[in-house]
Amino acid sequence: MASEEGLNYNPYGYIPSRSAAAAFIGLYGLSTLLHVVQTLGYKSKVWWMLVFVAGGIMEILGWVGRLQSSFDVTKPTPYLMQIITLIIAPAWFSAGCYAVTGALIHRIGRQGSRLSARAYTILFVACDCISIALQGVGGATAGKEADRGQSPEKGRAIMLAGIIFQLLTMCLFLFLSIQFYRRRWRDLDRHRRKLVWGTMFASLCIIARGIFRTAELGEGWKGFLFIHEIFTIDLDGFPIVLCMLVFNIVHPGMTLDVEEVSSGETVEKKEANVA
């Protein structure tokens with residue numbers, strides 16, 4: 001344990017757990033690798049699932065930063081790296097959830113949906129970009145403030161705005177998606193239903209994490225949630241790694257078009273046989 005004097009110069013308020021950081025690096029690394037293999041390997045290509053690779057890499061970088069901080073909490077670079085990457089990364093997973101619903105609407109038709117497949121992509125991905133921009137600017141501002149020896153309050157406020165915006169967007173998406181899926185449930189085969197359940201679960205994980213981060217940044221850098229690592233582990237690390245892993249299980253490459261691509265045949269081959 002560090003002395004009280006040491007903790008006075010510790011931006012975390014605790015010594016980050018080395019074992020937790022290593023475990024999350026391993027879990028995110030495994031899931032990210034699987035996403036690469038699955039996206040490239042399945043016959044049904046869903047290139048937009050590479051957003052999970054981008055998000056996974058950011059999560060790995062964030063937990064690497066925390067691992068480095070476990071050896072020396074006074075180094076500013078690992079500390080800032082983990083704040084920025086862990087706060088921004090889930091926006092990539094949100095984009096994946098939006099894309100799944102858009103793809104399903106495109107395949108079974110817009111009836112029962114308030115938005116078209118194109119509108120889902122444009123609206124929610126645009127909101128995601130705004131959220132990423134706000135959080136990125138906030139992180140950069142916080143870094144500059146810290147370099148000048150100032151309390152990074154302005155940066156915190158900008159990041160908080162980005163997270164709140166992302167949280168509200170995700171809640172709106174979940175509401176519209178549930179409404180659509182309830183109306184069109186009978187039109188979904190068992191594979192697509194599995195994909196829907198996975199997407200809803202992942203969305204709830206992102207929302208739960210968003211609520212935590214909103215409360216954490218709302219309290220400030222010395223707030224109760226921020227200076228107790230257990231909350232970061234349980235309410236950020238675990239929900240987001242579950243979000244990634246559930247999409248390994250219900251990856252759209254094997255659930256989105258399974259009725260069209262089966263028994264080793266592609267859609268094009270089946271159409272050729274019919275002709």
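Owing to the predicted nature of the structure, the values given are computational and were not obtained by experimental measurement. All values below were derived from every heavy atom in this structure, side-chain atoms included, with hydrogens, water molecules and symmetry-related copies excluded.
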Exercise. Keeping the roles fixed (side chain from Lys45, backbone from Leu40), state whether a donor-acceptor pair exists under 3.5 Å.
Key: yes

Quiz item: Any idea which heavy atoms bring Asp234 and Pro239 closest together, and the distance?
Solution: O-CD, 3.3 Å

Self-check item: Val100 and Trp48, any side-chain heavy atoms less than 4.5 Å apart
Solution: yes

Exercise. Apply the test side-chain contact (heavy atoms from CB on, under 4.5 Å) to residues Ile233 and Glu229: give CA-CA distance (whole Å), side-chain angles for both, the deciding distance (0.1 Å), then the verdict.
Key: CA-CA 6 Å; Ile233 292 173; Glu229 186 181 24; 3.8 Å; yes

Exercise. Hey, could you give me the CG/CZ distance between Asp236 and Arg213, rounded to the nearest 0.5 Å?
Key: 4.0 Å

Quiz item: Do Met81 and Arg66 touch side chain to side chain, with heavy atoms closer than 4.5 Å?
Solution: no

Quiz item: Just wondering, do Arg192 and Thr255 contact through their side chains at under 4.5 Å, heavy atoms?
Solution: no

Quiz item: Donor-acceptor pair, Glu59 side chain versus Ala89 backbone, under 3.5 Å?
Solution: no

Quiz prompt | Taking every non-hydrogen atom, the tightest pair across Ser94 and Gln166 | solution = OG-NE2, 3.6 Å

Quiz prompt | Connected via hydrophobic side-chain network under 4.5 Å: Trp197 and Phe52 | solution = yes

Quiz item: Is it the case that Arg114 and Gln179 place a side-chain donor and acceptor less than 3.5 Å from each other?
Solution: yes

Practice problem: Check whether any side-chain heavy atom of Gln38 lies under 4.5 Å from a side-chain heavy atom of Met49, and answer yes or no. | Solution: no

Quiz item: Under 6.0 Å between the ring centres of Phe124 and Phe173?
Solution: yes

Practice problem: Ignoring hydrogens and angles, state whether a donor on the side chain of Tyr98 or Thr121 is under 3.5 Å from an acceptor on the partner side chain. | Solution: no

Self-check item: Steps toward side-chain contact (heavy atoms from CB on, under 4.5 Å) verdict (Ser31, Phe247)
Solution: CA-CA 9 Å; Ser31 181; Phe247 273 110; over 6 Å; no

Quiz item: Any side-chain donor paired with an acceptor under 3.5 Å for Ser116 and His106?
Solution: no

Self-check item: Stepwise side-chain contact (heavy atoms from CB on, under 4.5 Å) check, Ile163 with Gln135
Solution: CA-CA 7 Å; Ile163 290 176; Gln135 293 173 60; 3.8 Å; yes

Quiz prompt | Trace of the side-chain contact (heavy atoms from CB on, under 4.5 Å) decision for Asn248 with Leu245 | solution = CA-CA 5 Å; Asn248 289 130; Leu245 289 172; 3.7 Å; yes

Practice problem: Answer whether the closest heavy-atom distance between the side chains of Thr169 and Asp128 falls below 4.5 Å. | Solution: no

Quiz item: Should we say atom CZ of Arg118 is surrounded by more than 12 heavy atoms from elsewhere, each under 6.0 Å from it?
Solution: no

Quiz item: Considering the options Leu86, Ile88, Ile87, which one meets the side-chain contact (heavy atoms from CB on, under 4.5 Å) requirement together with Ile84?
Solution: Ile88

Quiz item: What's the shortest heavy-atom distance between Ser203 and Leu174, and which atoms?
Solution: CB-CD1, 4.0 Å

Exercise. Applying side-chain contact (heavy atoms from CB on, under 4.5 Å) between Pro252 and each of Val46, Thr39, Thr199, report the one that passes.
Key: Val46

Quiz item: In this structure, are over 12 heavy atoms from other groups packed under 6.0 Å from Phe212 atom CZ?
Solution: yes

Quiz item: Is atom CH2 of Trp221 surrounded by more than 12 heavy atoms (other residues, nucleotides or ligands) closer than 6.0 Å?
Solution: yes

Self-check item: Any Glu216 side-chain heavy atom under 4.5 Å of Thr232 side chain
Solution: yes

Quiz item: Does atom NZ of Lys75 have more than 12 heavy-atom neighbours, drawn from other residues, nucleotides or ligands, at distances under 6.0 Å?
Solution: no

Exercise. Determine, using ring centers only, whether His228 and Tyr14 are less than 6.0 Å apart.
Key: no

Quiz item: Backbone N or O of Gly237 within a donor-acceptor pair of the Tyr28 side chain at under 3.5 Å?
Solution: yes

Exercise. Using atom types as modelled and distance alone, determine if a side-chain donor or acceptor of Gln68 lies under 3.5 Å from a backbone N or O of Gly65.
Key: no

Exercise. Look at the side chain of Arg193 and the backbone N and O of Leu188, then say whether any donor-acceptor pair between them is shorter than 3.5 Å.
Key: yes

Quiz item: For the ring pair Phe226 and Tyr12, is the centre-to-centre distance below 6.0 Å?
Solution: no

Quiz item: Any chain of hydrophobic side-chain contacts (each under 4.5 Å) joining Tyr181 to Phe175?
Solution: yes

Exercise. Answer yes or no: are there more than 12 heavy-atom neighbours, outside Trp185 itself, under 6.0 Å from its atom CH2?
Key: yes

Quiz prompt | Short side-chain to backbone donor-acceptor contact, Ser70 and Arg18, under 3.5 Å | solution = no

Quiz item: How far apart are the closest heavy atoms of Arg184 and Ile108, and which atoms are they?
Solution: NH2-O, 2.6 Å

